[in-house]
**Q** 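Shown below is the structure under consideration.
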Amino acid sequence: MIELQDPADATPKYTSWPVIVALAAFGLMMVGLSYRFSAAGLSAQFYYVVFWLGLLSAVLPPAFRAIAWGVIRRDRILAVIVIALVTGFPKFLRNPDAPAYHDEYAHWRQAADVVLEGKLLMPNTLIPIVEHFPGTSAVTAMAYFLGHLTIWHSGILVVQFMHLAGILGVFVLTEAVFGRSRAGAIGAIVYAANPSAIYFSTQYAYESITINLFIWYLALGVLAVRATAARQRAGYMGLAYLFGALIIVTHHLTSVFLISSLGVISVVTMIWPRLRARRDHQAETHERRTWVLLFAGFVMTVIVWLGLVAEATVAYLQPYFGGSVEQLTAAATTSGDKAGTSRVVLAPSVQPIWERLMTAGAPVTLGLIAIVVVLAVWRERHRFDSTTIGLMTFGTLYFPSVLFILAPSGAEGARRSWGFSYVGIAVMIAFAVLNVRSTQRARVRMKWRPRLVAVGLVVLLIGNVGGGLNDPYRFPGPFLWGSDTRSASAEARQVGRALGHAAGQVRVVTDGYTALQIAAYGRLQVAAPSAGFPAWDLVQTDKDPDRTLAKNLTDSHFDYLVVDIRMAKYVAFNGTNFGPGDPLSGRKTPMKNLTRLDHVPWATRVMSTAHLRVYRLNFALMGQKLVSP
Amino acid sequence: MRRSLSLLDLRAPLTVVGAAALAWVAPTPWFGVPALVTLIWLAGSSIVLLALDDPELDRLVYSVTSGIAGLAVLVATALVMYAVGVRIDATHVPIAVGLAGVVLTGLSSGPRAARHELAHHGDPLDWLHWAVAAALLIGAASFALAVQKPTPDTWALMSLDKAQVVAADPLTASPGAAVTVRWSLQVHGYRPPSTDVAVVVQVGADTVKPTRSSATMTRSSDGADVAGSTTVTAPSDPGLYRVQIQTTTIDAKGRSVVRAVNVHVQVTSP
């Protein structure tokens with residue numbers, strides 16, 4: 001399908017295929033070099049420039065080809081595929097051979113346990129809820145046994161395929177909404193620039209799979225609404241139900257977001273038609289029925305799964321929702337320090353100032369576009385059906401979610417929501433770009449339009465990636481105590497393996513960073529300290545644990561303590577050694593707290609490396625005296 | 001109109017059987033990955049064809065949903081295997097996925113044949129150009145991988161022997177009795193420049209000379225192992241004592257590295 005040519009937007013020479021491929025290859029190499037420079041400890045200002053020079057070289061030319069006028073649909077799709085491939089590359093390159101992100105350790109261990117034990121629903125010590133959502137481990141284990149790659153690479157293959165599928169899903173969705181392949185390309189490119197797309201949603205974890213199923217569920221919904229034959233409509237809905245079932249067996253939070261989005265669209269199908277001047281009752285009924293059925297069908301699937309397998313999910317998710325609202329309220333009504341609950345936007349970091357400014361600018365830009373879109377939609381409301389409006393309405397949830405980044409409990413949820421709400425944002429921006437008025441006055445400024453689009457895309461891409469994950473997650477580098485990604489060491493992995501080999505799958509108290517290593521590589525069960533179970537007291541105080549804690553540890557068979565003495569040398573990058581509630585938040589653990597462990601009767605140092613010490617605990621000896629300890 | 005069984009109807013199920021067999025008997029990625037992709041594609045596209053019996057279904061929607069549906073087949077097969085108690089392993093997975101694939105391709109043979117017959121192709125892709133493009137991108141990705149700084153995989157771990165790692169209770173000894181502590185030191189990722197292992201023993205607060213001590217280092221190309229055994233005499237006064245074995249070795253950079261392990265010894269009354 002060739003669309004009408006707009007001379008001002010004609011395909012420039014730098015979007016020819018040879019140039020696109022050559023620049024994409026150049027871009028990948030530059031991304032590789034930026035990682036090399038960051039790992040060598042060079043200036044962040046330098047490696048960030050190299051990274052963005054590479055990524056923008058790889059993304060912008062295919063983006064321009066995809067959205068130019070007069071390009072055939074196949075070329076738009078191929079350009080979007082190039083964008084999907086190059087945006088999947090930075091995360092793949094970040095840790096190509098082993099887990100590095102927090103959730104990756106949990107999922108990799110889960111898949112490895114399925115492979116080792118030959119069955120699903122294995123307990124998971126790092127993210128206990130993973131046990132009840134076996135989709136990721138099942139598909140990884142099955143791919144492992146059929147493809148004979150490593151477990152890690154089997155999982156990465158699935159995640160990278162789903163990344164590609166998701167971006168193409170947004171293409172299909174936006175194209176179906178507006179009936180133009182150019183709209184599809186715009187939507188896909190905007191979605192590929194969302195804050196989660198390049199790193200967070202391409203990590204080896206359950207949401208990286210289901211976020212793309214979410215997109216396809218909505219895309220199939222739109223196709224069902226647009227289908228003219230009942231048989232076709234039923235087929236699209238049947239496929240959507242299948243993908244919905246795959247979502248609920250894989251990830252809880254995606255199910256929440258899908259229910260929310262379907263709920264919003266269903267409500268819009270009931271309200272929006274009444275606001276339009278021209279009405280088509282048959283089409284409206286059909287549209288409403290389709291979305292309500294998709295909503296109800298998915299809710300039923302969720303109820304069945306939660307009822308049969310994953311009852312613990314509601315209790316697991318509740319603190320994240322309730323807690324973040326309370327913390328946001330506290331942050332708004334008291335000073336952050338007093339409340340102890342606030343996060344600081346654009347806190348000190350090695351990120352260059354231009355990236356941080358774009359991070360602040362991206363939501364502001366989107367907000368302005370959203371206002372323009374809302375006004376334009378209202379002015380010409382008879383033109384748009386409930387599906388289009390419903391998707392845009394769901395997209396507006398992005399804006400309040402930005403506020404939740406200020407609340408510690410809400411930050412994770414907010415970050416996770418962007419990959420979903422950006423589907424609506426993509427529809428909104430596609431609408432905005434497609435509906436730029438072609439008046440004579442506007443034509444005068446047409447030569448500036450590609451430049452404006454380029455600047456907008458650059459701000460969105462750089463700003464969003466900058467607002468997605470922090471520097472240690474994005475770039476390799478020297479050892480950095482207290483970061484999930486750069487506290488990893490061969491030492492900790494070996495301690496986990498050695499302790500697992502000697503003592504089996506024993507229970508261990510340790511800090512949050514060593515926990516990832518020893519649980520993943522040693523199959524050890526790690527404690528989750530909290531105010532009610534302050535296992536951190538073993539090292540975060542200079543006193544013996546109280547009787548209650550000692551009894552709890554003994555009764556729960558937490559027989560080992562693993563200590564990394566670097567917690568006494570450095571303040572944890574993430575602020576705490578033991579997570580939320582750590583009594584020494586923002587401070588180093590005093591070295592005397594660690595050295596005293598060699599002089600108490602209830603701990604025996606049974607293993608030791610340059611930085612790690614493993615203690616066998618026996619609280620029955622607490623109260624006895626060591627002779628001249 | 002009834003269609004008679006044709007070779008085209010059998011081609012997909014037979015390909016599934018072949019791919020499953022290949023995944024089973026040839027456990028290497030060179031055969032396994034094509035087999036995996038084939039199984040996912042044929043099983044997934046069968047579901048899409050059954051759901052959307054439309055020969056003119058958009059190729060993009062058909063291709064991507066087929067891939068996702070193929071992954072859904074893998075998950076569903078794993079769930080069924082779990083539910084009926086079949087072990088998820090290298091033998092049962094190819095059989096189970098193969099069976100699922102045969103059933104699905106068999107059920108979808110009609111729509112598949114119709115799509116095959118009616119499929120219209122747009123402008124053919126210039127495969128040579130795309131092969132060159134793919135080679136260029138793979139080359140660039142390989143370069144990016146090759147320039148990464150290798151993660152150091154070096155460590156040295158001192159450990160008590162397995163029994164002492166597990167034991168909760170202190171060793172018991174009568175005054176003046178010999179107490180033997182067995183320990184090991186593993187070095188990985190570098191060859192220690194010296195085989196010397198200095199051992200210092202403390203009982204309580206006192207540094208003592210062991211009555212017997214052995215610490216022989218065996219070096220390999222990228223590491224070393226030390227099997228150590230240290231015997232001390234239990235103190236004459238009853239009580240709970242800490243016995244610390246401390247070793248000093250030279251690391252790859254020529255620095256002295258000290259590591260220690262402890263045991264507790266309960267010296268009983270005579």
Side-chain angles (χ1 to χ4, degrees), chain A residues 21 24-25 28-29 31-33 35-36 39-40 74 77 89 93 96 114 118-120 135 138-139 141-143 145-149 158 161 165 168-169 172 216 232 235 238-239 242-243 246 249 490-491 494-495 498 502-503 598 601 604-610 616 618 624 626-629, chain B residues 23 27-29 32-33 35-36 39 51-52 54 60-61 64-65 67-68 71-72 74-75 78 82 87-90 93-94 97 122 133 136-137 140-141 143-145 147-149 152-160 162 164-166 168 204-205 239-242 257 259-264:
Chain A
V21 171
L28 298 186
M29 290 193 287
V31 169
L33 285 173
Y35 283 8
R36 182 71 177 86
R74 190 192 69 185
I77 294 170
F89 187 70
L93 188 63
V114 170
K119 59 182 183 181
L120 303 177
V139 74
M142 300 296 273
F145 284 123
L146 293 170
H148 304 294
L149 292 165
V158 172
F161 167 73
L168 289 172
V172 170
W216 271 100
Q232 243 185 340
L239 266 188
L242 174 69
F243 293 179
L246 190 52
V249 301
E491 241 181 300
Q494 182 55 25
V495 163
D598 287 322
T604 311
R605 196 201 296 193
V606 294
M607 288 182 187
S608 184
T609 68
R616 177 70 169 92
N618 180 3
Q624 289 199 31
L626 277 174
V627 178
S628 305
Chain B
T28 74
V33 172
L36 170 69
L39 288 168
L52 297 163
D54 175 6
L60 175 63
V61 175
V64 183
T65 52
I68 299 173
L71 296 181
L74 294 189
V75 174
Y82 174 74
R87 191 176 164 80
I88 296 170
D89 60 20
V93 167
V97 175
L136 196 61
L137 292 175
F143 169 84
L145 279 165
V147 297
Q148 297 313 302
K149 191 179 176 184
D153 185 20
T154 58
W155 46 265
L157 174 73
M158 185 180 183
S159 175
L160 291 172
K162 191 174 172 179
Q164 279 304 308
V165 168
V166 176
L240 183 64
Y241 290 83
R242 183 193 66 159
V257 182
R259 292 172 200 86
V261 288
N262 306 330
V263 290
H264 286 163

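The chains referred to below are lettered A, B, ... by the order of the sequence lines, with proteins before strands, and numbering in each begins at 1.
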**Q** Who pairs with Ala165(A) by side-chain contact (heavy atoms from CB on, under 4.5 Å), at least two apart in sequence or on another chain?
**A** Phe161(A), Trp216(A), Val64(B), Ile68(B)
**Q** Return yes if some donor-acceptor pair links the side-chain N/O of His264(B) with the main-chain N/O of Thr604(A) below 3.5 Å, else return no.
**A** no
**Q** Do Asn618(A) side-chain atoms and Ala168(B) backbone N/O form a donor-acceptor pair below 3.5 Å?
**A** yes
**Q** Sort out for me which of Ala498(A), Gly169(A), Gly238(A), Pro601(A) touches chain B most, counting heavy-atom pairs under 4.5 Å.
**A** Pro601(A)
**Q** Do Thr609(A) and Trp155(B) have side-chain heavy atoms sitting under 4.5 Å apart?
**A** no
**Q** For Ala25(A) versus Leu137(B), what's the shortest heavy-atom pair and its separation?
**A** N-CD2, 3.7 Å
**Q** Just so I understand: if I count every heavy-atom pair under 4.5 Å between each of Val21(A), Val495(A), Val606(A) and chain B, which residue has the most?
**A** Val606(A)
**Q** When you compare the side chain of Val97(B) with that of Met142(A), does any pair of heavy atoms fall below 4.5 Å?
**A** yes
**Q** Which bit of Leu33(A) is near chain B, if near means a heavy-atom gap under 4.5 Å: side chain, backbone, both or neither?
**A** both
**Q** Contact part of Leu120(A) toward chain B, heavy-atom cut-off under 4.5 Å: side chain, backbone, both or neither?
**A** both
**Q** If you round to the nearest 0.5 Å, how far is CG of Asp598(A) from CG of Asn262(B)?
**A** 5.0 Å
**Q** For the interface with chain A, which of Val257(B), Asp89(B), Val263(B), Thr154(B) has the highest count of heavy-atom pairs at distances below 4.5 Å?
**A** Asp89(B)
**Q** If you compare all heavy atoms of Phe89(A) against all heavy atoms of Ala144(B), which two are closest, and at what distance to 0.1 Å?
**A** CZ-CB, 3.7 Å
**Q** Any donor and acceptor pair, going by atom type alone, linking the side chain of Arg87(B) with main-chain N or O of Lys119(A) inside 3.5 Å?
**A** no
**Q** Among Leu93(A), Leu149(A), Val249(A), Val172(A), which has the most heavy-atom pairs under 4.5 Å with chain B?
**A** Leu93(A)
**Q** If you count heavy-atom pairs under 4.5 Å between each of Ala40(A), Gly32(A), Gly118(A) and chain B, which one has the most?
**A** Gly118(A)
**Q** Quick one: are Leu239(A) and Leu52(B) in side-chain contact, heavy atoms under 4.5 Å?
**A** yes
**Q** Would a 4.5 Å heavy-atom cut-off, applied to side chains only, mark Leu146(A) and Leu74(B) as touching?
**A** yes
**Q** Can you tell me how far the CG atom of Leu242(A) sits from the OG1 atom of Thr65(B), to the nearest 0.5 Å?
**A** 10.0 Å
**Q** Contact part of Val31(A) toward chain B, heavy-atom cut-off under 4.5 Å: side chain, backbone, both or neither?
**A** neither
**Q** Measure Gln164(B) against the heavy atoms of chain A and call it side chain, backbone, both or neither at under 4.5 Å.
**A** backbone
**Q** Pick one of side chain, backbone, both or neither for Ala141(B), based on which atoms fall under 4.5 Å of a heavy atom in chain A.
**A** both
**Q** For the backbone of Ala260(B) and the side chain of Arg605(A), can you confirm whether one donor and one acceptor N or O come within less than 3.5 Å of each other?
**A** yes
**Q** Return yes if some donor-acceptor pair links the side-chain N/O of His148(A) with the main-chain N/O of Val33(B) below 3.5 Å, else return no.
**A** no
**Q** Side chain, backbone, both or neither: which part of Gln624(A) has a non-hydrogen atom closer than 4.5 Å to chain B?
**A** side chain
**Q** Would you call Val261(B) and Met607(A) a side-chain contact if the rule is heavy atoms closer than 4.5 Å?
**A** no
**Q** Select one option (side chain, backbone, both, neither) describing which atoms of Thr28(B) are under 4.5 Å from chain A's heavy atoms.
**A** backbone
**Q** Chain A: which of Leu136(B), Leu160(B), Val165(B), Leu39(B) shares the most heavy-atom pairs with it under 4.5 Å?
**A** Val165(B)
**Q** Decide yes or no on side-chain contact (heavy atoms from CB on, under 4.5 Å) for Val627(A) and Leu240(B), but give the supporting numbers first.
**A** CA-CA 6 Å; Val627(A) 178; Leu240(B) 183 64; 5.5 Å; no
**Q** Could you pull out all residues at least two apart from Asp153(B) that satisfy salt bridge (Lys or Arg N to Asp or Glu O under 4.0 Å)?
**A** none
**Q** Any side-chain heavy-atom pair from Leu626(A) and Tyr241(B) closer than 4.5 angstrom?
**A** no
**Q** Counting C-beta onward and ignoring hydrogens, is there a side-chain heavy-atom pair between Gln232(A) and Asp54(B) closer than 4.5 Å?
**A** yes
**Q** Within a strict 4.5 Å, meaning less than it, do heavy atoms of the Pro96(A) and Leu145(B) side chains meet?
**A** yes
